[in-house]
Student: 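Pasting a structure here, questions to come.
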Amino acid sequence: MPPARADTPASDPPAFDRPGIAFSTGTLPRGGFAWEQGLPDVQRDRSGGVRSTGYSAGSNLRLGLTDTLELQLAASPYNYQRQRGGGARSSARGAGDTALALKLALPSSNDKFSWAVLGSATVATGDRDFSDGRDHYALGATVAYDFDDATSGSLYLNVERSGGADAWTFSPSLSRAFNARWGGYLEAGWTRTAHAPDTGVAGAGVTFMATPTIQLDASLDAGLNDAAPDWQGGIGVSLFFR
């Protein structure tokens with residue numbers, strides 16, 4: 001749905017960061033708390049005759065420190081991966097890494113324009129099958145423009161560093177509020193990683209405000225090249241506590 005601005009009144013629905021590649025330009029009000037949960041997020045890929053499917057129950061906890069600054073804690077305490085191919089089958093279960101982040105909504109003199117930055121550090125706390133054993137550091141930014149009361153566009157750029165190598169992600173998206181409860185978006189994403197093939201995806205998602213503080217979501221992105229997963233997406237719920 002169109003991103004909520006940092007100066008959105010506390011009585012309005014919050015700007016959740018799920019679903020989609022980018023994060024919203026809105027932050028929670030001071031003392032506000034949000035729990036965003038995958039139920040689960042899924043990724044499927046087929047390469048070299050091996051088909052792999054992964055499920056992740058990722059959680060993102062957000063706390064408003066001020067009306068423009070929030071603290072986030074993200075983790076995936078449960079992951080499941082299954083591989084089949086070449087006459088063999090394997091599976092693994094375990095926890096993923098843990099990330100701590102700060103998100104800042106930046107000032108804007110234009111009511112239609114909003115932007116925010118998010119810096120994060122991911123610590124390799126996950127099990128061997130769901131972690132590369134390295135810490136990751138990232139800095140991302142989202143800029144958004146409201147074309148009208150129901151339609152907005154955004155651009156997202158993120159750089160992540162791990163093990164001396166950088167990965168750059170760029171994602172444009174277009175969002176539309178169909179009514180007071182239903183919204184949808186289209187997005188594309190491109191990632192360039194040092195010493196690895198580029199990956200590209202494109203897809204869409206929908207959101208439904210079950211109550212003014214509970215959002216349900218569903219999304220699906222398809223891979224645009226061989227290096228990208230065949231498809232990824234999932235369903236989730238986001239809850240806001242005043």
Side-chain angles (χ1 to χ4, degrees), residues 17-24 36 38 40-60 72-76 79-83 85 90 92 94-103 115-143 154-173 185-205 219-234:
D17 284 351
R18 308 187 41 101
I21 299 172
F23 55 84
S24 71
E36 303 178 356
D41 295 315
V42 184
Q43 179 174 293
R44 170 167 279 189
D45 188 43
R46 189 181 187 93
S47 179
V50 177
R51 185 177 65 186
S52 61
T53 305
Y55 304 87
S56 176
S59 303
N60 189 26
Q72 299 189 2
L73 177 65
S76 53
N79 299 271
Y80 174 76
Q81 183 170 298
R82 181 182 65 226
Q83 291 185 333
S90 64
D97 293 338
T98 303
L100 189 67
L102 282 173
K103 180 180 178 184
W115 55 330
V117 295
L118 187 146
S120 66
T122 301
V123 182
T125 59
D127 295 321
R128 180 180 59 184
D129 292 313
F130 303 100
S131 172
D132 61 8
R134 298 175 177 175
D135 296 340
H136 296 246
Y137 304 93
L139 179 64
T142 298
V143 297
S154 69
L155 295 175
Y156 166 75
L157 178 65
N158 184 76
V159 58
E160 180 177 307
R161 186 167 184 82
S162 176
D166 293 335
W168 294 82
T169 299
F170 173 74
S171 175
S173 63
Y185 68 90
L186 301 172
E187 70 176 3
W190 171 80
T191 299
R192 166 164 287 186
T193 305
H195 315 301
D198 294 355
T199 61
V201 299
S219 61
L220 181 66
D221 284 347
L224 300 180
N225 58 5
D226 291 339
D230 292 340
W231 62 266
Q232 58 190 26

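Scope of the values below: all heavy atoms of this structure, side chains included, with no hydrogens, waters or symmetry mates. None of the values given here were measured: they were computed from a predicted structure.
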Student: Among all residues two or more places apart in sequence or in another chain, which pass the side chain to side chain donor-acceptor pair (under 3.5 Å) test with N79?
Tutor: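 Side chain to side chain donor-acceptor pair (under 3.5 Å) check on N79 returns S56, S76.
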
Student: Checking T142 side chain against F23 main chain: does a donor-acceptor pair fall under 3.5 Å?
Tutor: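 Side chain of T142 to backbone of F23, a donor-acceptor pair under 3.5 Å: yes, one is there.
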
Student: Verify the distance criterion only: is there a donor paired with an acceptor across the side chains of S24 and K103 at less than 3.5 Å?
Tutor: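 Yes, side-chain donor-acceptor contact under 3.5 Å.
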
Student: Which residues satisfy the side chain to side chain donor-acceptor pair (under 3.5 Å) test with T53, sequence neighbours excluded?
Tutor: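 Partners of T53 by the side chain to side chain donor-acceptor pair (under 3.5 Å) criterion, ordered by chain and then number, come out as R44.
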
Student: Test your reading of the model: is there a side-chain donor-acceptor pair from S171 to the backbone of A188, 3.5 Å cut-off?
Tutor: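 Between the backbone of A188 and the side chain of S171 there is a qualifying donor-acceptor contact (under 3.5 Å).
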
Student: Work out which heavy atom in L155 is nearest to a heavy atom in P172; give both atom names and the distance.
Tutor: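 Closest approach of L155 to P172, heavy atoms only: CD2-CB, 3.6 Å.
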
Student: Taking all atoms of both residues into account, what is the closest heavy-atom pair of D132 and S162, and its distance?
Tutor: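 That closest heavy-atom pairing would be OD2-OG, 4.4 Å.
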
Student: May I have all residue pairs that pass side-chain hydrogen bond (donor to acceptor under 3.5 Å, both in side chains) and include part of residues 224-233, sequence neighbours excluded?
Tutor: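 Those involving residues 224-233 do not exist here.
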
Student: Sequence neighbours left out, what passes side chain to side chain contact (heavy atoms under 4.5 Å, CB included) with A95? Give chain and number order.
Tutor: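 Side chain to side chain contact (heavy atoms under 4.5 Å, CB included) check on A95 returns D127.
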
Student: Could you measure the distance from the OG atom of S120 to the NE2 atom of H136? Nearest 0.5 Å is fine.
Tutor: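 Going from the OG atom of S120 to the NE2 atom of H136 covers 10.5 Å.
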
Student: Please name all residues satisfying salt bridge (Lys or Arg N to Asp or Glu O under 4.0 Å) with D135, sequence neighbours left out, ordered by chain then number.
Tutor: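 D135 satisfies salt bridge (Lys or Arg N to Asp or Glu O under 4.0 Å) with no residue once adjacent residues are dropped.
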
Student: Look only at the side chain of Q43 and the backbone of P229, and say whether a donor-acceptor pair between them is shorter than 3.5 Å.
Tutor: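 Side chain of Q43 to backbone of P229, a donor-acceptor pair under 3.5 Å: no, none is there.
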
Student: What residues form a ring pair (Phe, Tyr, Trp, His ring centres under 6.0 Å) with Y55, not counting sequence neighbours?
Tutor: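 Testing Y55 for ring pair (Phe, Tyr, Trp, His ring centres under 6.0 Å), a comparison that skips the adjacent residues, returns none.
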
Student: Taking only residues two or more places apart in sequence, or in another chain, which ones meet D129 in a salt bridge (Lys or Arg N to Asp or Glu O under 4.0 Å)?
Tutor: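 None.
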
Student: Tell me every residue that passes side chain to side chain contact (heavy atoms under 4.5 Å, CB included) with V117, counting only those two or more places apart in sequence or in another chain.
Tutor: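 Partners of V117 under the side chain to side chain contact (heavy atoms under 4.5 Å, CB included) test: L104, L106, A141.
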
Student: With a 3.5 Å distance limit and no angle check, can you tell me whether T125 reaches the backbone of T98 through a side-chain donor-acceptor pair?
Tutor: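 Yes; at least one donor-acceptor contact below 3.5 Å.
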
Student: Say you draw a straight line from CG of L118 to CG of L139; how long is it, rounded to the nearest 0.5 Å?
Tutor: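 One gets 8.0 Å once the value is rounded to the nearest 0.5 Å.
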
Student: Can you see which heavy atom on S52 is nearest to which on Q83, and at what distance?
Tutor: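 Residues S52 and Q83, closest heavy atoms: CB-CG, 3.7 Å.
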
Student: Salt bridge (Lys or Arg N to Asp or Glu O under 4.0 Å) with D45: which residues, sequence neighbours excluded?
Tutor: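 Once residues adjacent in sequence are excluded, D45 has no partner under the salt bridge (Lys or Arg N to Asp or Glu O under 4.0 Å) criterion.
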
Student: Taking only residues two or more places apart in sequence or in another chain, which ones pass salt bridge (Lys or Arg N to Asp or Glu O under 4.0 Å) with R134?
Tutor: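 Expected list: none.
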
Student: Considering non-hydrogen atoms only, spot the tightest contact between A22 and Y156 and give its length.
Tutor: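 So the minimum-distance heavy-atom pair works out to CB-CB, 3.4 Å.
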
Student: Indicate the atoms forming the closest heavy-atom contact of G200 with A228, along with that distance.
Tutor: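 Shortest heavy-atom contact: O-CB, 3.4 Å.
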
Student: Counting distance only, does the side-chain N/O of D166 pair as donor-acceptor with the main-chain N or O of R161 below 3.5 Å?
Tutor: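 No, because the side chain of D166 does not come within donor-acceptor range (under 3.5 Å) of the backbone of R161.
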
Student: Which value, rounded to the nearest 0.5 Å, describes the distance between T122 atom OG1 and Y137 atom OH?
Tutor: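 Atom-to-atom, T122:OG1 and Y137:OH are 9.0 Å apart.
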
Student: Checking S173 now: which residues fulfil side chain to side chain donor-acceptor pair (under 3.5 Å) with it, not counting sequence neighbours?
Tutor: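 Testing S173 for side chain to side chain donor-acceptor pair (under 3.5 Å), a comparison that skips the adjacent residues, returns S154.
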
Student: Can you give me the closest heavy-atom contact between Q72 and N60, atom names plus distance?
Tutor: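 Heavy atoms of Q72 and N60 come nearest at OE1-ND2, 3.4 Å.
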
Student: Mind checking side chain to side chain donor-acceptor pair (under 3.5 Å) for T169 and listing every partner two or more places apart, or none if nothing turns up?
Tutor: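 Counting only residues at least two positions away or on another chain, T169 forms a side chain to side chain donor-acceptor pair (under 3.5 Å) with T191.
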
